[in-house]
Amino acid sequence: MRLNQNTMLLGKKVVLVPYTSEHVPRYHEWMKSEELQRLTASEPLTLEQEYAMQRSWREDADKCTFIVLDAEKWQAQPGATEESCMVGDVNLFLTDLEDPTLGEIEVMIAAWDRRVGVGASLLAPLSSLRGVTTLGLTKFEAKIGQENEPSIRMFQKLHFEQVAASSVFQEVTLRLTVSESEHQWLLEQTSHVEEKPYRDGSAEPC
């Protein structure tokens with residue numbers, strides 16, 4: 001999404017940067033995993049198709065995509081490339097034309113311990129800084145495969161509640177409605193996050 005192509009979010013555990021061509025080779029290697037394909041309901045792509053997908057995501061007005069970097073590794077190794085510090089991605093979709101206040105969130109952790117703290121580090125800044133503050137969203141949904149219990153528990157710990165289940169697609173839908181108290185909680189969770197300009201992967205760690 002053009003809205004976030006020049007924005008990076010720096011937290012204690014993670015750094016969120018826009019998805020650029022620099023990240024495609026490692027992302028492509030991740031998505032060769034049958035487990036990740038199953039968990040994300042994805043089909044394997046060629047490297048050329050992955051580059052094309054990255055370009056389309058960057059131009060897509062309805063999708064906000066960030067690559068997730070291990071903040072400790074990135075900051076501890078001067079000159080480290082973003083590709084070498086990648087651990088996953090997080091996406092925010094704006095696909096409901098009838099409800100512009102609703103966003104759908106996806107999280108993929110491909111190369112990191114799936115700790116609960118990581119989920120909060122990812123979702124809080126995206127939903128608060130990008131979703132609520134910038135895009136004016138008040139509701140967030142996550143659609144997760146019924147067998148993906150770690151992800152379901154992660155979202156539930158972040159105050160998402162199950163609102164639907166599909167036996168056809170074998171998935172559950174969880175939702176967070178951002179009340180005044182929830183908004184305050186999100187702001188508290190993101191009080192340490194810095195928003196900085198990002199230009200083609202040239203930003204330096206603080």
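Residue numbers start at 1 and run along the sequence shown.
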Test of understanding: clusters of I, L, V, M, F, W, Y form through side-chain heavy atoms closer than 4.5 Å, transitively. Do W30 and V24 belong to the same one? yes
Joint cluster assignment, F93 & L158, ILVMFWY side-chain distance < 4.5 Å: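 Unlinked, F93 and L158 end up in two clusters.
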Quick one: list whatever passes ring pair (Phe, Tyr, Trp, His ring centres under 6.0 Å) with Y19, sequence neighbours left out.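 Scan of Y19 (ring pair (Phe, Tyr, Trp, His ring centres under 6.0 Å), adjacent residues dropped) gives Y27, W57.
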Quick one: list whatever passes ring pair (Phe, Tyr, Trp, His ring centres under 6.0 Å) with H159, sequence neighbours left out.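 Per chain and number, H159 pairs via ring pair (Phe, Tyr, Trp, His ring centres under 6.0 Å) with W185.
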For residues 132-148, the salt bridge (Lys or Arg N to Asp or Glu O under 4.0 Å) pairs (sequence neighbours left out) are R38-E147, D99-K139, E141-R175
Among residues two or more places apart or on two chains, list those pairs meeting salt bridge (Lys or Arg N to Asp or Glu O under 4.0 Å) that have a residue in residues 40-54. none
With side chains defined as the heavy atoms from C-beta onward, is the minimum distance between [X] and [Y] less than 4.5 Å?
X    : Y    : answer
V172 : I152 : yes
L94  : L135 : yes
V15  : I67  : no
M31  : S42  : yes

With sequence neighbours left out, what residues match E29 under side chain to side chain donor-acceptor pair (under 3.5 Å)? K32
Sequence neighbours excluded, the answer for side chain to side chain donor-acceptor pair (under 3.5 Å) partners of S21 is none
Roughly how far apart are [X] [atom1] and [Y] [atom2], rounded to 0.5 Å?
X    : Y    : atom1 : atom2 : answer
L102 : T138 : CG    : OG1   : 8.0 Å
T46  : M53  : OG1   : CE    : 10.0 Å
T20  : Q54  : OG1   : CD    : 6.0 Å
I105 : N91  : CD1   : CG    : 10.0 Å

Applying side chain to side chain contact (heavy atoms under 4.5 Å, CB included) to E161 and not counting sequence neighbours gives none
Residue set satisfying side chain to side chain contact (heavy atoms under 4.5 Å, CB included) with E83, at least two apart, ordered chain then number -> P25, R26, T81, M86
For [X], what residues pass the salt bridge (Lys or Arg N to Asp or Glu O under 4.0 Å) criterion, not counting sequence neighbours?
X    : answer
E72  : none
R55  : none
E149 : R153

My understanding is that a hydrophobic cluster links ILVMFWY residues whose side chain heavy atoms are under 4.5 Å apart, including indirect links. Using that, what else belongs to the cluster containing F169?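 Besides F169, the hydrophobic cluster comprises V168, listed by chain and residue number.
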